[in-house]
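Please see the structure below; I have some questions.
Because only heavy atoms are used, hydrogens play no part in the values below, and waters and symmetry mates are left out as well, while side chains stay in. Note that this is a predicted model, so its numbers are computed, not measured.
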Amino acid sequence: MQSKPGLGKCFVTAAALAALALMASCVHATAAGEAAVVAVEPAASDSALALRIEQRLRERAATADDPIALFYLARAYRSVWTEPARVHALLAAVEAVRGHGLDAADFAPARLRAGAVPAADPERAAERELLLTDTLAALLFQLRHGKVDPRALYREWNFTPPPSPYERAAELARVLQAPDLAAAVDAYAPDLPLYRALRAELLAQQGRLAVGDWPKVAAGPTLKPGASSSRVASLRARLAAAGERVSEARDKSHYDEALVEAVKRFQAAHGLQADGVLGAQTLEALNASPAQRVAQIRANLERLRWVASDLQGDRLLVDIVGYHADLVLDGQPVWSSRVIVGKPKRRTPSLLDSVTHLVLNPKWVVPPTILREDVIPGAARNPSYLANRRLRVVDRSGQTVDPATIDWSGARQSGFPYRVEQQSGADGSLGRIKFSLSNPYVIYLHDTNARSLFKRAERALSSGCVRVEKPEELAVLLLADSGRWSAQALQAALDSGRTRTVDVGRDVKVLLHYATAALDEAGRVLLRNDIYGYDAAIVAALDAPAPAR
């Protein structure tokens, strides 16, 4: 077996070319505004240390894909940690990561403090040098791109990946050139309103941890306004502990109007339907402990680090947990709509995608999962199942097949060689508009014939695709051709009943994004129920030892 190359000839050749490109960036800034990496000839007194740094990089089998090796090659292995203030700033930045929901222990602060002391011996000085630089590189990566690799949690994950080693080497140079290292490190975190609000909420919830848990409300039947229950007293105590001014009632078991209004405010603050009814989801939110809320905030800070680079430019953001979609064009919100997303057993995946085209009056070809889990069992139980849903069976040549000739009971075991489809029409499952995406999972956005479902507060009801309440408005914006595709022209095309494929006029990325935290219209943090149960895995990964990046 061939051994892994170290900093040998192949590294010097490849990395030297990269270093030259990085050094050239100090003269000509790149279109992305990357910082320059300046090549500096070491002073004579630094030569022993520079040689030992190079040797240490060889010993740890660094390759051309190592940003630390690229960084030092570009500066001829000259030390960067010569100023005590810079070292102290790094130590402070490591401690500050707790405010981002990260774990300072990932950066071995005790070892870092011990190793931060300057050393005259080149061997120890090189060890110190690389310890500090490795720490800074890992710190920057976690703050900007996250500690956890989302691809290890979600097989469909396809958002913009972290930068290349060359870009990371340039990032190191840029931060180390900053006059205030701690501020430069902190600025590497996502510059997003939700991220900043979550950091403030994290601090508040951590303060609550020191006080203790909330009073608990016992489980029981749904409690409606005006009812009486022994659970009302604990409900009142729970809300009062959170700062609600709920006066004591004469009848402590009566769910009176003042308490109902307090519950409505709580529901609104947690993304729930503000109806004052104490059901299972409201009870779950009430009984979430401060420790659970801290964990939830940490999970959502991590999610934002994963996708921050994609939350820019023109975008159609589908908030899966919030059952809502928003379109931003030229920096301005131009459209919003309620949506229906996948039920917990058929989850809408988190994806970065784009609308490739629209289909007007679309025909629905039943996807494999729905065919296997719904249609075949339904047809086996009820001979009228297909007819009741306007579904027909076709063979590979497109010829209609009589359903009565098919062994539906054995179809799931023996395989199903046919396609099941539904002709277009307003009463079809896709409604009158389909927004085709480019992913291989048969996930797309579409109209629906079941419009009454948009009135529900919890709308995780589909088989994975996203149903849109206001598809006509979205279609006109994406077609982006007012001369040809006005609202009236679109309506005429839909009314014709003819199936038609139309290219979009705008290149708009689509983000199907799962998050259990959001901002309301007033900029307040909403901590929402975890409908797919994703938070726990993220928190567990955040609490595990940091992976090498």
Straight-line distance of Glu257 CD to Lys264 NZ, nearest 0.5 Å: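 Going from the CD atom of Glu257 to the NZ atom of Lys264 covers 8.0 Å.
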
Non-hydrogen side-chain atoms of Pro333 and Asp326 separated by less than 4.5 Å: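 No, their side chains stay 4.5 Å or more apart.
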
Whether His513 and Phe159 hold their rings parallel, tilted or perpendicular, with breakpoints at 30° and 60°: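 Plane angle over 60°, so perpendicular.
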
For Pro290 against Arg208, the heavy-atom pair lying closest together: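 Closest heavy-atom pair between Pro290 and Arg208: CG-CG, 3.3 Å.
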
NZ or CZ of Arg151 within 45° of Trp157 ring axis and under 6.0 Å: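 Not flagged: Arg151 not positioned over aromatic ring of Trp157.
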
Heavy-atom pair of closest approach, residues Pro349 and Leu512: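 Closest heavy-atom pair between Pro349 and Leu512: O-CB, 3.4 Å.
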
Lys216, NZ atom: more than 12 neighbouring heavy atoms under 6.0 Å: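 Yes, enclosed.
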
Sub-4.5 Å side-chain heavy-atom contact between Val260 and Val263: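 They are not in contact (no side-chain heavy atoms under 4.5 Å apart), so the answer is no.
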
Asn361 and Thr499 side chains, donor-acceptor separation under 3.5 Å: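 Thr499 vs Asn361: no donor-acceptor pair found between side chains.
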
Geometric cation-pi criterion Arg389 and Tyr385, 6.0 Å radius, 45° cone: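 Judged by the rule, Arg389 and Tyr385 form a cation-pi pair.
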
Residues Asp543 and Lys147 bridged, charged N to O under 4.0 Å: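 Judged by the 4.0 Å cut-off on N to carboxylate O distance, Asp543 and Lys147 do not form a salt bridge.
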
Geometric cation-pi criterion Arg390 and Trp364, 6.0 Å radius, 45° cone: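 The answer is no; the distance or angle limit is not met.
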
Under 3.5 Å side-chain donor-acceptor pair for Asp310 and Thr160: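 Note: Asp310 and Thr160 side chains meet the donor-acceptor criterion.
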
Residue of the set Asn439, Val355, Leu351 for which side-chain contact (heavy atoms from CB on, under 4.5 Å) holds with Val510: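 Of the listed residues Asn439, Val355, Leu351, the side-chain contact (heavy atoms from CB on, under 4.5 Å) partner of Val510 is Val355.
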
Closest non-hydrogen atom pair, Ala325 against Val339: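 For Ala325 and Val339, the tightest heavy-atom pair comes out as CB-CG1, 3.7 Å.
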
Member of Asn300, Asp319, Thr516 meeting the side chain to side chain donor-acceptor pair (under 3.5 Å) criterion with Arg528: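 When side chain to side chain donor-acceptor pair (under 3.5 Å) is applied between Arg528 and each of Asn300, Asp319, Thr516, only Asp319 qualifies.
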
side-chain contact (heavy atoms from CB on, under 4.5 Å) partner of Leu329, the single match among Leu316, Asp314, Leu478: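 Filter result, single survivor: Asp314.
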
Exercise: identify the closest heavy-atom pair between Lys455 and Arg338: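 Lys455 and Arg338 have their closest heavy atoms at CA-NH1, 4.3 Å.
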
Side-chain donor-acceptor pair present, Asn529, His270, cut-off under 3.5 Å: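 There is no such pair between these side chains.
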
Chi angles and distances behind the ring pair (Phe, Tyr, Trp, His ring centres under 6.0 Å) call for Tyr534, Tyr154: CA-CA 10 Å; Tyr534 283 160; Tyr154 313 110; 5.2 Å; yes

Side-chain donor-acceptor contact under 3.5 Å, Asp530 with Gln296: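 On atom types as modelled, these side chains do not qualify, holding no pair under 3.5 Å.
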
Minimal non-hydrogen separation, Gln142 against Arg305, with atom names: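 Distance-wise, the nearest heavy atoms are O-CD, 3.0 Å.
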
Atom pair NZ (Lys363) and NZ (Lys434), whose distance is rounded to the nearest 0.5 Å: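 Answer rounded to 0.5 Å: 10.5 Å.
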
Evaluation steps, side chain to side chain contact (heavy atoms under 4.5 Å, CB included), between Thr348 and Val466: CA-CA 8 Å; Thr348 298; Val466 179; 4.0 Å; yes

Spacing of Glu244 atom CD and Leu235 atom CG [to the nearest 0.5 Å]: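 Between Glu244 CD and Leu235 CG, I get 10.5 Å after rounding to 0.5 Å.
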
